[in-house]
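All residue numbers in this chain count up from 1 along the given sequence. Every value quoted in this text rests on a predicted model; they were computed, and no experiment measured them.
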Amino acid sequence: MNPAVKGFFDRDTWTVTYVVYEKPTSSCIIIDSVLSYDPKSGRTHTKMADEVIEFIKKNELKTEWILETHTHADHVTAAPYLRSELGGKVAIGDHISVVQSVFKDIFNLENSFPVDGSQFDRLLKDGEEIHFGKLSFKALFVPGHTPACMAYQVGDAIFVGDTMFMPDVGTARCDFPGGDAHVLYQSMKKILSFPPQTRLFMCHDYPPNGRPVQFETTVADEKKFNIHMHDGITEEQFIEMRKKRDATLEMPVLILPAIQVNIRAGEFPAKESNGVAYLKIPLNAV
């Protein structure tokens, strides 16, 4: 059974949140939610997440799962807020422990911070399939952008996370800790081995040349038109391109606050004696 998909585009972070469901009144899952964060003031708000909540309540959907494709470096997840408003369980791929271990050291987090993924309700293994209502999602391990990336297949649709973008944008960077262009190439091959008509839903869109925002394409169009990964591009060519391009990219604006929150499944650090939670900014360390 093929799903209905509703995308919500957050222009501040160029991120798409998806609600995936069968029909009104059915069960649903949410993929890659956004908690809005102002880096100048350190304040958060829930405007984007509230749009998702409004849609789910209007259509009388039952939220069963809130899924993360990976530990995002460009936005803060709204998973705990959505769970408090809608219910459901928060899940991520089971390699999250690798990412947690790296960033626990980078941010010198408290000794009690566990690096076993226990902050999440469920850790998903490659190939694991979970039913929600009459639909099901299948976890697909697609590392390369990070060592813990997952895509999710629901019927004829795959939610690809940051493996690739719309054909005129290309593919994800591989210069974060644990990233690997060789591994990403193999992960994209895995996704592009699905039937040509398979729908692919992007986690981001960065529209070039003023085109309208788009976040749905197909395996066929990616194989034919993707500027970094179309048919005929060898692994060696892709790795060379990716390394040269990654060397020119700036760090995402929200990487330091976002990673600290996202490795905690979206929870903020514990409040200190004055009742305020704080995030760390490592100086000259990243």
Short N-O contact, [X] and [Y], less than 4.0 angstrom:
X	Y	value
E128	R122	yes
E54	K58	no
D156	R199	yes
D121	R83	yes
K190	D126	yes
K125	D94	yes
R211	D168	yes

**OP:** Assess K104 against F107: is NZ or CZ under 6.0 Å from the centre of the six-membered ring, and within 45 degrees of the ring's axis?
**Re:** no

How far does [atom1] of [X] sit from [atom2] of [Y], to the nearest 0.5 angstrom?
X	Y	atom1	atom2	value
S101	I263	OG	CD1	9.5 Å
F120	S97	CZ	OG	11.0 Å
T71	R264	OG1	CZ	12.5 Å

Indicate whether any N or O donor in one side chain lies under 3.5 Å from an N or O acceptor in the other, for [X] and [Y].
X	Y	answer
T13	H75	no
Q153	E129	no
H145	D162	yes
T15	H204	yes

Original post:
Who else is in the cluster with L254 when I, L, V, M, F, W and Y are joined by side-chain contacts under 4.5 Å?
Top reply: L35, Y37, V76, V253, V261, F268, L279

Original post:
Hydrophobic clusters join Ile, Leu, Val, Met, Phe, Trp and Tyr when side-chain heavy atoms are under 4.5 Å apart, directly or via other members; which others share one with F225?
Top reply: none

**OP:** Write down the atom of V20, the atom of P3, and the distance for their closest heavy-atom approach.
**Re:** CG1-CB, 3.5 Å

Taking the side chain as everything from C-beta on, heavy atoms only, tell me whether [X] gets closer than 4.5 Å to [Y].
X	Y	result
N59	T25	no
L61	V19	yes
T77	V34	no
F8	K6	yes
I96	L123	yes
M166	M202	yes

Original post:
Should the heavy atoms of other residues, nucleotides or ligands under 6.0 Å from CG of N274 be counted, would the total exceed 12?
Top reply: yes

**OP:** Would you please indicate if the ring centroids of Y18 and F201 are separated by under 6.0 Å?
**Re:** yes

Subject >> Intermediate values then yes/no, salt bridge (Lys or Arg N to Asp or Glu O under 4.0 Å), R11 and D205 >> reply: CA-CA 9 Å; R11 194 167 292 276; D205 189 36; over 6 Å; no

**OP:** Scan K243, R242, K244 and name whichever one has a side-chain hydrogen bond (donor to acceptor under 3.5 Å, both in side chains) with D246.
**Re:** R242

